[in-house]
Amino acid sequence: MRAAERESATINVLVVDDEEPLVRLVGQYLLREGLSVDSTGDGARAVAMVREQDPTVVILDLGLPGMDGVEVCRQIRTFSDCYIIMLTARVEEVDRLIGLSVGADDYVSKPFSPRELMLRVRAMLRRPRTNSGDTQLLESGDLRVDVAGREVHLRGDPVDLTRTEFDVLTALLSEPGVALSRRDLINKVWGDQWFGDPHLVDVHVGHLRRKLGEDPASPEFIHTVRGVGYKMGAAR
């Protein structure tokens with residue numbers, strides 16, 4: 001990593017993996033994108049680096065020695081809303097869902113093409129932090145979302161969401177009463193060039209429901225439309 005490249009980059013990506021050849025390869029691709037890159041193979045050190053450097057994206061291996069990726073992700077989520085892409089060499093769906101359940105935004109299974117990983121990173125960096133055409137305050141019953149301020153309140157109490165959870169909620173609230181398919185939500189949140197498992201949407205919707213205190217049998221806000229996807233209850 002040349003100093004000139006690091007100084008000129010405005011977006012920092014932290015790669016957390018103990019496989020040095022993989023770290024070097026991924027780092028080379030990230031640098032070609034004009035991004036600043038740091039790396040570590042130690043989970044505890046990764047948590048400290050996120051605290052110190054506040055990276056935009058963390059590429060995090062699930063199978064780290066010592067403190068594994070799940071615990072690293074869990075700790076990061078207590079103080080940072082950076083994007084987290086989990087890398088996993090395990091094929092079992094439960095392992096992927098465990099990573100997502102503690103706040104990861106996306107996952108890529110090993111072995112993977114560095115080009116595929118770059119597409120995922122680019123998709124995240126393209127996601128706007130505010131939507132200029134959207135109403136600045138979205139409401140549904142006692143749920144209020146300040147789009148510009150990226151704040152959510154339910155019955156006056158703040159709700160702590162990850163960036164992806166916030167974006168999924170905003171996408172649903174922007175079209176109250178409209179049934180949106182998984183692909184619709186992927187296009188709105190991740191972008192139409194994103195590819196991967198569309199059931200990623202279900203995981204993030206599940207997190208949202210839990211944080212909003214939804215009763216799965218009788219949801220107040222996010223409703224499942226069987227055979228289609230999800231819709232938000234009509235906004236007031």
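The basis for the numbers below is simple: all heavy atoms, side chains too, and nothing from hydrogens, waters or symmetry mates.
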Closest approach of [X] to [Y] (non-hydrogen atoms, all atoms of both residues):
{"X": "Pro176", "Y": "Gly233", "answer": "CB-O, 4.0 Å"}
{"X": "Tyr83", "Y": "Asp105", "answer": "CA-OD2, 3.2 Å"}
{"X": "Thr40", "Y": "Asp42", "answer": "OG1-N, 3.2 Å"}
{"X": "Ile76", "Y": "Val50", "answer": "CD1-CG2, 3.7 Å"}
{"X": "Pro114", "Y": "Leu25", "answer": "CG-CD2, 3.5 Å"}
{"X": "Arg183", "Y": "Ile186", "answer": "NH2-CG2, 2.9 Å"}

Face-on cation placement of Arg115 at Tyr29 ring, 6.0 Å and 45° thresholds: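 That pair does not qualify as a cation-pi contact.
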
ILVMFWY network linking Val225 to Val205, side-chain heavy atoms under 4.5 angstrom: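 Hydrophobic grouping puts Val225 apart from Val205.
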
Common cluster, Val201/Val228, ILVMFWY with side-chain heavy-atom separation under 4.5 Å: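 They do not share one cluster, since no chain of ILVMFWY contacts under 4.5 Å joins Val201 to Val228.
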
Glu151 side-chain N/O to Pro158 backbone N/O, donor-acceptor pair under 3.5 Å: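 Here the side-chain-to-backbone pair does not exist.
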
Check: Phe221 main-chain N/O paired with Glu214 side-chain donor or acceptor under 3.5 Å: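 Side chain of Glu214 to backbone of Phe221: a pair is present.
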
Carboxylate-amine/guanidinium proximity below 4.0 Å for Asp61 and Lys110: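 Counted as a salt bridge, because a side-chain N and a carboxylate O are separated by less than 4.0 Å.
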
Carboxylate-amine/guanidinium contact Glu165 Arg77, below 4.0 Å: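 Salt bridge: no.
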
Leu87 side chain near Leu60 side chain, heavy-atom distance below 4.5 Å: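 Heavy-atom side-chain distance check fails, nothing below 4.5 Å.
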
Exercise: do Asp184 and Ser181 side chains pair donor with acceptor under 3.5 Å: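 Per modelled atom types, Asp184 and Ser181 side chains form a pair under 3.5 Å.
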
The single option from Arg122, Arg120, Arg163 passing salt bridge (charged side-chain N to carboxylate O under 4.0 Å, His left out) against Asp106: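 Among Arg122, Arg120, Arg163, the one meeting salt bridge (charged side-chain N to carboxylate O under 4.0 Å, His left out) with Asp106 is Arg120.
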
Residue Lys211 excluded, over 12 heavy atoms near NZ under 6.0 Å: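 Atom NZ in Lys211 is packed in, count exceeds 12.
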
